[in-house]
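Both ligands and their constituent atoms are indexed starting at 1 by order of listing. Heads up: numbering here begins at 1 and tracks the sequence. Everything numeric in this text was worked out from a predicted model, so none of it was measured.
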Amino acid sequence: MLMIGSHISSSKGYEAMGKQALKLGANTFAFFTRNPRGGSAKAVIADDVERYLALWREKGYGQIVAHAPYTLNACSDKEEVRRFAKEAFADDLSRMEYTPGNYYNFHPGSHVGQGVEIGIELIAQMLNECLKPEQTTVVLLETMAGKGSEIGRSFQELRMILDQVELSEKMGVCLDTCHVWDAGYDIVEDLDGVLEEFDRCLGLSRLKAIHINDSMNPRGSHKDRHARIGEGCIGLAAFERIINNPPLRGLPFILETPNDDEGWTKEIAMLREKSR
Ligand code: FE
Ligand code: FE
Ligand code: ZN
């Protein structure tokens with residue numbers, strides 16, 4: 001069965017997220033580990049987590065994909081921003097262990113003019129200070145659109161990060177369809193070619209999750225404006241191929257489309273109908 005869901009508000013805790021996911025017809029979901037544009041985190045309540053875990057076990061559902069806040073930038077040129085990134089990242093990873101074996105996705109960061117090499121070094125530095133051999137969470141680097149000085153605009157840049165991470169067995173990749181399209185990868189006309197390049201550069205076994213978003217802009221635009229599935233430049237036919245592509249079909253698909261609950265319910269149902 002297609003594993004698909006959307007972003008869900010974490011403000012009411014884990015059990016509420018699980019129930020909300022069921023309401024949308026989802027069997028996976030994403031949530032922000034803390035305020036996405038600020039940084040404060042709510043305490044994890046053990047009972048609440050237990051009820052969520054029981055619900056997920058009862059349904060037989062699999063992994064969920066947590067998302068780090070947008071404000072987390074490990075390769076900022078400002079010391080205090082880098083310090084927040086490290087503290088928030090370490091704290092998120094320790095809280096993720098309440099729900100073992102899931103994914104924690106983050107945007108690698110923006111080097112803000114310091115250059116890609118220094119940026120990558122700083123990102124790897126944070127990862128090397130925060131990853132622990134005993135953690136069960138897999139940390140995902142998200143493929144980025146390449147707007148501004150974003151790192152992760154190519155599979156090669158993600159490879160360069162992984163090459164500098166000591167515990168790289170704790171690392172995977174989350175492919176965002178809007179972002180790779182905006183970065184220039186032709187997932188509409190040449191999905192197999194793009195996946196071959198991913199495999200050559202990163203290894204398909206690193207690919208753990210998909211952010212499934214249409215794009216408001218043409219390929220290579222480096223804009224990062226998400227559209228609803230079938231309402232952007234990628235188009236429904238390409239998404240039908242994406243969800244049914246053998247290396248991708250078992251992965252969790254997360255919608256980050258501009259929608260309300262009703263819209264996500266419809267998108268989830270529509271994609272389920274297209275999945276073979
Ligand atoms: Fe993201
Ligand atoms: Fe994304
Ligand atoms: Zn995006």
Using a cut-off of strictly less than 2.8 Å, determine whether [X] has an N/O/S atom near the Zn ion (ligand 3).
| X | answer |
| --- | --- |
| C178 | no |
| H211 | no |
| E256 | no |

Legend entry - Considering only N, O or S atoms of H226, the one closest to the Zn ion (ligand 3): NE2
Inset, instruction - Give the name of the N/O/S atom in D224 that lies closest to the Zn ion (ligand 3). - result: OD1
Inset, instruction - Please find the N/O/S atom of H211 nearest to the Fe ion (ligand 2) and write down its name. - result: ND1
Inset, instruction - Write the atom name of the N, O or S atom in E256 that is nearest the Fe ion (ligand 2). - result: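 Looking only at N, O and S atoms of E256, the one nearest the Fe ion (ligand 2) is named OE1.
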Inset, instruction - If you have a sec, read the angle at the Fe ion (ligand 1) from H67 atom NE2 over to H107 atom NE2, to 10 degrees. - result: 100°
Legend entry - Cationic N near anionic O, under 4.0 Å, E150 to K147: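 Yes, charged N to carboxylate O under 4.0 Å.
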Inset, instruction - Can you tell me, to 10 degrees, how wide the angle at the Fe ion (ligand 2) is between OD2 on D176 and OE2 on E142? - result: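 D176 OD2 and E142 OE2 form an angle of 90° at the Fe ion (ligand 2).
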Inset, instruction - Examine H222 together with H179 and report whether their ring centres are nearer than 6.0 Å. - result: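 That pair fails the under 6.0 Å test.
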Legend entry - Expected output: side-chain N128 to main-chain E166 donor-acceptor under 3.5 Å: yes
Legend entry - Rounded distance [0.5 Å steps], CG in D190 versus CD in E197: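 Answer rounded to 0.5 Å: 9.5 Å.
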Inset, instruction - With the side chain counted from C-beta on, respond yes when V138 and M171 share a heavy-atom pair under 4.5 Å apart, and no when they do not. - result: no
Legend entry - W56 and Y61 aromatic ring geometry - parallel, tilted or perpendicular at 30°/60° bounds: perpendicular
Legend entry - Any donor-acceptor N or O pair under 3.5 Å, side chains H67, H107: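 A pair is found: one side chain offers a donor N or O, the other an acceptor, under 3.5 Å apart.
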